[in-house]
Amino acid sequence: MSIQSPPTLLELAGRSLLSDKSRALLDLEDLPIELFPPLFVEAFSRGHTEVLKKMVQAWPFTCLPLGVLMRQPQPEMLRVALDGLDMLLAQQDRPRRWKLQVLDLQRAPRNFWRTWSGAVVDASSPEGMKKNRTLKLGSAMAAKLPLKIFIDLCLTEGPLNEFLTVLFLWVTQRRDRLHLCCKRLKIFGEPTCHTRKVLRLLQLDSVQKVEVHCTWVPSTLVACAPFLGQMRNLRKLLVSQVCVPAHTSPEEQKRLLTKLTSQFLRMDCLRKFCVDAVLLLEGHLEQVLG
């Protein structure tokens, strides 16, 4: 028999505030910042979309780690957050405490709700919150920086799911005001027009790990190589199953290999390169590593 921990005073305060949503909307500007994380979690779990939109606009931290609240992609909750961002971006005068720089849609198994701007802070600790305030940019400075959206991507041959469709359409229409960033990218199957469109949307220098799991021909790998060459901070690259068609001449193989290795030369941060059944590189690994 398990005994549930009683709710904290912060959680109880958040529930009390949400019990009167009109009051919650009015009080956000003066809400103590230590109440924002538990109130946001409570509003998210209970589907209080209007409160969530307003909380996005008034968010007093540099990062809103929305992804870890979703056990699976939730397009409707993404729309709520994006609507809140649209309202924020449209405002001439930003909220006095607004400092949001990053919408984090990654679902990494870490407790982001105790981590703000790179410093681990106990939300119940006034000392921690006071210290954390000094790490934040002022709203005027933050407003000049492009908003960053972080997400880990797994692209397949099939059509994009609803969550990614909503996100990419929103990003496409606002590319001048934000950066779409991805630390971990996986590609399964043949690259499609969707794959190339997504790669063009990404801030490629944000990518740190790429996995390619599919049966490609060398020309397909070479066509994607310029994207790899722009991933200046790529640390790990895994490529498998690149078969050389029987009719490919030695001259053509050499041309493709030269194009591929020219992009590898631009990957200054690459530390781990794993290949499995990439026949184009057979006998040429020194050239690649050089």
Decide yes or no on salt bridge (charged side-chain N to carboxylate O under 4.0 Å, His left out) for Lys186 and Asp152, but give the supporting numbers first. CA-CA 8 Å; Lys186 293 182 180 181; Asp152 290 334; over 6 Å; no
Ignoring hydrogens, what is the shortest heavy-atom contact between Cys181 and Ser206? Give both atom names and the distance. CA-OG, 3.3 Å
Using side-chain heavy atoms (C-beta onward) and a distance below 4.5 Å, is Leu105 in contact with Leu78? yes
Can you find a heavy atom in the side chain of Thr195 that is under 4.5 Å from one in the side chain of Thr156? no
Measure across Arg175 and Leu201 and return the closest heavy-atom pair with its distance rounded to 0.1 Å. CD-CD2, 3.6 Å
So Asn233 and Val207, do their side chains get closer than 4.5 Å, heavy atoms only? no
When you measure from the side chain of Thr62 to the backbone N and O of Lys99, does any donor-acceptor pair fall under 3.5 Å? no
Is there a path of hydrophobic side-chain contacts, each under 4.5 Å between heavy atoms, that joins Phe61 and Val41? yes
Between atom CD of Gln101 and atom CD1 of Ile149, what is the distance when rounded to the nearest 0.5 Å? 13.5 Å
I'd like to know if Lys148 and Asp104 make a salt bridge, using a cut-off of under 4.0 Å between side-chain N and carboxylate O. no
Relative to each other, are the rings of His213 and Phe188 parallel, tilted or perpendicular (30° and 60° limits)? parallel
Report the C-alpha separation of Asp83 and Thr49 in whole Å, then their side-chain angles, then the decisive distance to 0.1 Å, and conclude whether the side chain to side chain contact (heavy atoms under 4.5 Å, CB included) test is met. CA-CA 10 Å; Asp83 285 347; Thr49 56; over 6 Å; no
Which atom names give the shortest non-hydrogen contact between His179 and Pro146, and what distance separates them? CE1-CG, 3.6 Å
Which pair of heavy atoms, one from Phe227 and one from Arg200, lies closest together, and at what distance? CE2-CG, 4.1 Å
Can you tell me how far apart CG (Leu103) and CG (Leu178) are? Round to the nearest 0.5 Å. 10.0 Å
Non-hydrogen atoms of Leu88 and Gln57 that approach each other most closely: CD1-O, 3.5 Å
Less than 4.0 Å between a side-chain N and a carboxylate O, is that true for Glu50 and Lys54? no
Look at the side-chain heavy atoms of Ile, Leu, Val, Met, Phe, Trp and Tyr, link any pair under 4.5 Å apart, and say whether Met77 and Leu169 land in one connected group. no
Are Leu238 and Lys209 packed together at the side-chain level, in the sense that at least one heavy-atom pair is separated by less than 4.5 angstrom? yes
Pairwise distance CG(Leu153) to CG(Leu185) - rounded to 0.5 angstrom: 6.0 Å
Donor-acceptor pair, side chain of Asp205 and main chain of Met231, under 3.5 angstrom: no
According to a hydrophobic-cluster definition based on side-chain heavy atoms being under 4.5 Å apart (Ile, Leu, Val, Met, Phe, Trp, Tyr only), do Val56 and Trp170 belong together? yes
Side chains of Gln208 and Arg184 in contact at under 4.5 Å (non-hydrogen atoms): no
Is any side-chain heavy atom of Val102 less than 4.5 Å from a side-chain heavy atom of Leu64? no
If I compare all heavy atoms of Lys183 with all of Phe150, which pair ends up nearest, and what's the gap? CE-CE2, 4.0 Å
Leu69 CG to Phe44 CZ distance, which is reported to the nearest 0.5 Å: 5.0 Å
For Arg71 and Val68, indicate whether the former's side chain and the latter's backbone hold a donor-acceptor pair under 3.5 Å. no
Dump the intermediate steps for side chain to side chain contact (heavy atoms under 4.5 Å, CB included) on Met87 and Lys53, then the final yes or no. CA-CA 8 Å; Met87 294 175 185; Lys53 288 180 189 178; 3.9 Å; yes
Would you say that Phe40 contacts Leu66 through its side chain, given a criterion of any heavy-atom pair below 4.5 Å between the two side chains? yes
Start with the C-alpha distance between Leu89 and Arg177, add both sets of side-chain angles, then the distance that settles side chain to side chain contact (heavy atoms under 4.5 Å, CB included), and finish with yes or no. CA-CA 9 Å; Leu89 295 173; Arg177 288 178 287 174; 3.8 Å; yes
Kindly indicate, with the supporting measurements, whether the criterion side chain to side chain contact (heavy atoms under 4.5 Å, CB included) is fulfilled by Arg232 and Asp268. CA-CA 6 Å; Arg232 302 299 177 85; Asp268 295 332; 5.9 Å; no
Separation between CG of Asp86 and CZ of Arg79, rounded to the nearest 0.5 Å: 13.0 Å
Can you find a heavy atom in the side chain of Cys154 that is under 4.5 Å from one in the side chain of Glu211? no
Output yes when a side-chain donor or acceptor of Arg196 lies under 3.5 Å from a complementary backbone atom of His194, and no otherwise. no
To the nearest 0.5 Å, tell me how far Leu204 CG sits from Cys182 SG. 9.5 Å
